[in-house]
Amino acid sequence: MVTGAEVLRLPTLVPHLTHGWSAGLLCAAPAGCKNDGDHATTADDCPFRVVVVSADPVTGITSAYVYSSEQHSWTAEISMQHNYGFTVPVLCGARIGNDGALYFFTDGPEFCCLEYRMMSTQQLSLISLPSEWESNKWIAFMTAENGGLGLAMLDGYDLYTLSRETETGEEAVGGQCGLSYSSYCALCELLHSSNESGPLRWGPSTYGCFRPRHESTKSIPLPPPRSRLHFTQRNPPPTSSGRSMAPPCRRPPEMPEELVEEILLRIPPIEPAALVRASLVCKSWGHLISSPRFRHRYRSFHRGPSVMGLICNLKDVNGEYVARYVPASCPSARRHADDLRGWRVLDARHGRVLIRSLVHGAYLDVWDPVTGERRVLTATPPIKDGWNAAVICAGHGTCDHRDCRGGPFLVFVFGANDPDWISLSVYSSETARWDRPRRVAELPEHGMDVVPPCLVGNALYFGIDLSRSILRYDLATRIASVTDQPPGSFGCFTVPMGMKDGGLGLARLKGSTLSLWSLYAYPDGDLSWVEITAIELNRHLPAGALPVSSNFLGCAQGFVVFFVGTEDGLYSFDLKSGIVKKVCDDKGILSVVPYITLYTPGRHFHGL
């Protein structure tokens with residue numbers, strides 16, 4: 001049993017139950033609880049009872065066992081002889097009223113239930129239920145107006161409630177008793193049921209489970225017998241000949257727009273296609289999903305961005321370079337017809353993916369892999385040799401990047417335009433042109449590394465000189481600087497990354513060891529790399545996936561999730577949870593770029 005964050009293990013029940021049995025839990029002082037009867041706020045240390053009921057259909061003996069949390073033991077068997085040959089199905093017992101009574105349905109030739117009263121007789125009673133309800137499976141115990149036993153039954157579109165009466169006007173004490181049920185419909189209690197008056201009543205339908213609701217809390221008159229709460233007309237009207245017409249085909253009742261909105265808000269952001277399909281159900285859903293109000297609520301509900309998928313740069317079996325998007329929600333659902341053949345992904349940020357042509361010159365496009373939309377840069381970069389690039393939102397610093405995928409952007413290209421210098425040119429989507437290249441740093445021996453850059457705070461970071469150094473470019477001051485990478489990084493695959501404290505970090509794959517580093521700033525201004533952790537991937541990957549490919553390393557910025565290639569495909573490693581899973585079967589992967597954004601639908605949907 002679970003109470004709060006504690007798990008309580010009850011002692012083994014002897015004898016071992018071999019027949020159908022059920023159990024119920026209740027406070028040890030139902031009427032005199034120290035919380036004034038409010039069992040919803042009962043503390044974890046309040047005493048309780050567990051009642052286990054079992055029936056042997058062969059011997060006709062029904063037994064009850066009670067566990068006391070105060071004595072930490074089970075009581076002696078409480079038994080009752082009957083002649084009905086029923087069993088007790090595995091259904092939760094229901095507590096009715098404040099006198100410590102538990103009720104259990106039975107499964108047998110007669111329609112009846114078992115009653116156990118803890119506070120008075122501490123005996124079992126067998127109660128006959130209305131035989132006309134025997135074939136109905138939508139039936140539940142409830143608390144009647146007088147605090148006694150009641151039943152609720154759903155028959156088609158009609159909800160009936162009945163209360164219990166003894167034939168003599170007195171409650172039966174133990175043994176078997178015959179009872180009748182009078183009709184009533186306590187709508188106030190039914191529609192405003194709480195923990196004090198019993199469990200909430202829910203009704204099944206084609207669309208799920210609904211709770212009847214009434215806006216007023218005032219008392220409403222009792223309807224005449226036989227009482228019922230009618231949801232909609234069930235029987236077709238008769239024709240002039242007296243025969244009933246076939247029921248007309250009619251649309252099911254529509255769900256309230258508020259309920260539809262709450263359901264749609266909970267669609268995970270990593271499944272944007274589900275939002276698109278929902279928008280096509282009907283016009284009202286389409287207008288709701290594309291409305292600014294829904295988009296604002298969707299962004300607020302899900303808050304931060306999600307890893308929507310991966311873009312893999314690979315060589316196919318024909319030796320052709322391909323950029324392939326693999327959605328995170330269903331990797332097997334990717335469509336190879338959407339592959340970008342002859343293109344390479346350089347960077348992805350703020351819902352935009354920067355791709356470079358490898359066939360028709362050094363052209364750049366900005367691509368949205370979810371919608372398929374592509375925005376073509378009007379000219380090739382003015383920097384010709386050994387360059388790498390980054391894309392950011394043009395409003396970085398003031399934009400929250402929750403819904404700016406289609407807005408203006410900037411592309412930064414760093415490369416060797418001069419023999420001894422790294423030059424920078426910036427493209428603005430608002431002016432649709434490149435600015436003049438300018439020198440920002442000395443060109444290292446091995447130039448720029450073609451590794452996805454990183455944006456930390458207000459600065460861009462690029463790997464250079466075969467992982468020997470990092471180029472930092474401050475977007476505010478427009479000043480570049482160079483920092484050495486951790487010792488032993490030269491020739492390894494490294495990826496700059498942001499740390500939780502807002503500083504610069506670095507992930508390095510050396511052989512099968514993944515190590516994480518943080519750049520620590522001393523009070524005197526000196527900088528030094530500190531190793532945070534080192535993980536031996538061979539110990540976490542399945543044997544069939546080895547060896548690990550050290551040719552690339554992917555990093556989902558802000559999620560401490562890394563992607564490594566193996567002989568068996570692409571695997572992800574979540575540093576927080578330690579979970580390792582296979583995300584892609586493709587071979588020949590050269591590099592991966594995670595696509596991180598918060599997808600919110602707009603007025604138009606493309607490519608889904």
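The nearest pair of heavy atoms linking V52 to A23 is CG2-CB, 4.0 Å. Nearest heavy-atom pair, L114 versus M80, reported as atom, atom and distance to 0.1 Å: CD2-CE, 3.8 Å. Counting all heavy atoms, side chain and backbone alike, I289 lies closest to L275 at CD1-O, 3.6 Å.
Taking CG of L288 as the start and CD of E257 as the end, the distance is 5.5 Å to the nearest 0.5 Å. Rounding to the nearest 0.5 Å places CG of L310 at 8.0 Å from SG of C584. Going from atom CG of L126 over to atom CD of E115 covers 10.5 Å, rounded to the nearest 0.5 Å.
Exactly one residue among I535, V561, V564 makes a side chain to side chain contact (heavy atoms under 4.5 Å, CB included) with F573. That residue is I535.
Ion pair R49/E70 flagged as a salt bridge, since at least one NZ, NE, NH1 or NH2 atom sits closer than 4.0 Å to an Asp/Glu carboxylate oxygen.
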>> Set out, in order, the CA-CA distance, both residues' side-chain angles and the distance that settles side chain to side chain contact (heavy atoms under 4.5 Å, CB included) for C113 and F141, then state yes or no.
In response: CA-CA 10 Å; C113 70; F141 295 117; 3.9 Å; yes

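With ring centers used as reference points, Y116 lies 6.0 Å or more from F104. Aromatic ring centres of Y67 and W74 lie closer together than 6.0 Å.
Counting heavy atoms of neighbouring residues, nucleotides and ligands inside a 6.0 Å radius, atom CD of E536 exceeds 12 of them. Counting heavy-atom neighbours within 6.0 Å of R266 CZ, excluding the residue itself, gives a total above 12.
Side-chain contact check for S22 versus V53: every heavy-atom pair is 4.5 Å or farther apart.
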